[in-house]
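Heads up: the structure comes next, in structure tokens.
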Amino acid sequence: MVFLLLGLCVILFCIWQNNSIVITKSVYRNPKIPEEFNGYVIAQISDLHNKEFGSGQNALLNRLESVSPDLIVITGDLVDSRRYRLEPAMQFVNGAVKIAPVYYVSGNHESRLRQYPEIKSRLTDAGVHVLDDAAEKISIGNSSIELLGLRDPAFADSDDTDGDHTAELADRLARWSSPDTFQILLCHRPELFSLYTEHHMDLVFTGHAHGGQIRLPFVGGLVAPGQGIFPRYTSGSYTRGATTMVVSRGLGNSLFPVRVFNHPEIVVVTLQSNA
């Protein structure tokens, strides 16, 4: 009987851990931010991996709407390449575009799918700005900031190209980098932090690490793709020089199906100018 109750408690704990969405809020300050963007709220969604939160993604959309974002950024892996289903992602996207403008970059799971052209087309048709190796300005009044997006470097492998993919990313960032303009970079990969700092990106949103999947007190995440055991970049913000990188713990799971001490997360960052 004791083991039965213990087993039931473990099951209920896992269900709660993997379905109860937390909202993590922070304030990012930088004098490069125009005054018109003071108080500008950015909500980040990452690594949905086909996960469903209520009928029609209502639980997720309600949590997202509750933070009243001015902008929603999606940093890859909306779908899972191991069990491809586009509809859960589109249910979320179709609701999200009604809340705020949505900008998206691909993740490594999208790179594995021959259906990616369809995914990209469906996102664009829904009103999403797809920033795979693209840049756009966002303006308020006479002021603007730049939103940059790098497609996942795994696409270079699927394109059968040769050479140093990091060098290709560095070249693009070097061409984009502008010391006088506040720039936000979207890229799936936190392990490339040194590349972002080298090219003086101001604020970077990433995912991919799933929070380290299992998180332990005083230790943090245990394992992350691209970083291995005891990964360095799994959750929260990291600052080096002029660059701050935000790493979302994401919402869904992939190869390992359970999160432990690692709730699904919506990240919310409010911009503030020091001027």
Neighbour count above 12 (heavy atom, 6.0 Å) for [X] [atom1]:
{"X": "N142", "atom1": "CG", "result": "no"}
{"X": "Y84", "atom1": "OH", "result": "yes"}
{"X": "R114", "atom1": "CZ", "result": "no"}
{"X": "R215", "atom1": "CZ", "result": "yes"}

Closest non-hydrogen atom pair, [X] against [Y]:
{"X": "V247", "Y": "P190", "answer": "CG2-CB, 3.9 Å"}
{"X": "E110", "Y": "Y104", "answer": "OE2-OH, 3.0 Å"}
{"X": "S273", "Y": "P31", "answer": "OG-O, 4.0 Å"}
{"X": "R259", "Y": "N18", "answer": "N-OD1, 2.8 Å"}
{"X": "I145", "Y": "P34", "answer": "CG2-CD, 3.7 Å"}
{"X": "A126", "Y": "V93", "answer": "CB-CG1, 3.9 Å"}

Plane angle bin for Y116 and F155 - parallel if under 30°, tilted between 30 and 60°, otherwise perpendicular: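 Rings of F155 and Y116: tilted, 30 to 60°.
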
Mutual orientation of the aromatic rings belonging to F182 and Y28 [parallel < 30°, tilted 30-60°, perpendicular > 60°]: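 Ring orientation of F182 relative to Y28: tilted.
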
Nearest 0.5 Å, what's the [atom1]-[atom2] distance between [X] and [Y]?
{"X": "L71", "Y": "Q44", "atom1": "CG", "atom2": "CD", "result": "11.0 Å"}
{"X": "L113", "Y": "K120", "atom1": "CG", "atom2": "NZ", "result": "14.0 Å"}
{"X": "D152", "Y": "C187", "atom1": "CG", "atom2": "SG", "result": "6.5 Å"}
{"X": "L48", "Y": "T75", "atom1": "CG", "atom2": "OG1", "result": "11.0 Å"}
{"X": "I119", "Y": "M90", "atom1": "CD1", "atom2": "CE", "result": "10.0 Å"}
{"X": "R151", "Y": "L186", "atom1": "CZ", "atom2": "CG", "result": "16.0 Å"}

Donor-acceptor pair, side chain of [X] and main chain of [Y], under 3.5 angstrom:
{"X": "S177", "Y": "A174", "result": "no"}
{"X": "N58", "Y": "S55", "result": "yes"}
{"X": "D77", "Y": "V79", "result": "no"}

Name of the residue among I138, L148, V130 meeting side chain to side chain contact (heavy atoms under 4.5 Å, CB included) with Y103: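 Testing Y103 for a side chain to side chain contact (heavy atoms under 4.5 Å, CB included) against I138, L148, V130 leaves exactly one candidate, I138.
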
Residue that, paired with Y40, satisfies side chain to side chain contact (heavy atoms under 4.5 Å, CB included) out of V269, I140, T270: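 Only one of V269, I140, T270 forms a side chain to side chain contact (heavy atoms under 4.5 Å, CB included) with Y40, namely I140.
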
Ionic contact status for R122 with E87, cut-off 4.0 Å: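 So E87 pairs with R122 through a salt bridge.
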
Do [X] and [Y] touch side chain to side chain, with heavy atoms closer than 4.5 Å?
{"X": "V204", "Y": "F193", "answer": "no"}
{"X": "L78", "Y": "L123", "answer": "yes"}
{"X": "K98", "Y": "E65", "answer": "no"}
{"X": "K32", "Y": "Q183", "answer": "no"}
{"X": "L271", "Y": "N38", "answer": "no"}
{"X": "L150", "Y": "L173", "answer": "yes"}
{"X": "T243", "Y": "R240", "answer": "no"}
{"X": "D202", "Y": "I184", "answer": "no"}

In the single-linkage hydrophobic clustering (I, L, V, M, F, W, Y; side-chain heavy atoms under 4.5 Å), do [X] and [Y] co-cluster?
{"X": "L60", "Y": "V22", "value": "no"}
{"X": "I229", "Y": "L255", "value": "no"}
{"X": "I266", "Y": "V27", "value": "no"}

Would you tell me whether [X] and [Y] have side-chain atoms, one donor and one acceptor, within less than 3.5 Å of each other?
{"X": "E146", "Y": "S178", "value": "no"}
{"X": "R189", "Y": "T206", "value": "no"}
{"X": "T24", "Y": "E265", "value": "yes"}
{"X": "S248", "Y": "S46", "value": "no"}
{"X": "D47", "Y": "H208", "value": "no"}
{"X": "D132", "Y": "S106", "value": "yes"}
{"X": "Q57", "Y": "Q91", "value": "no"}

Check against side-chain contact (heavy atoms from CB on, under 4.5 Å), F256 and I214: CA-CA 10 Å; F256 192 80; I214 297 170; 4.2 Å; yes

Residues which pass salt bridge (Lys or Arg N to Asp or Glu O under 4.0 Å) with E136, listed by chain and number, not counting sequence neighbours: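 Scan of E136 (salt bridge (Lys or Arg N to Asp or Glu O under 4.0 Å), adjacent residues dropped) gives none.
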
Counterpart residues, ring pair (Phe, Tyr, Trp, His ring centres under 6.0 Å), relative to F53 (two or more places apart):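 Ring pair (Phe, Tyr, Trp, His ring centres under 6.0 Å) check on F53 returns nothing, list empty.
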
Contacts of type side chain to side chain contact (heavy atoms under 4.5 Å, CB included), residue R85, not counting sequence neighbours: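 For R85, the residues satisfying side chain to side chain contact (heavy atoms under 4.5 Å, CB included) (neighbours in sequence not counted) are N50, E52, P88.
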
Residue pair R63, I23: steps toward the side-chain contact (heavy atoms from CB on, under 4.5 Å) verdict: CA-CA 8 Å; R63 293 288 278 163; I23 296 173; 3.7 Å; yes

Result of checking H210, Q213, K51, H49 against N253 for side chain to side chain donor-acceptor pair (under 3.5 Å):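 With N253 as partner, side chain to side chain donor-acceptor pair (under 3.5 Å) holds for just one option, Q213.
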
Pair W176 and H199, ring centroids less than 6.0 Å apart: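 W176 vs H199: aromatic centres not under 6.0 Å.
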
Derivation and outcome, side-chain contact (heavy atoms from CB on, under 4.5 Å), residues I72 and L64: CA-CA 9 Å; I72 299 166; L64 181 60; 3.7 Å; yes

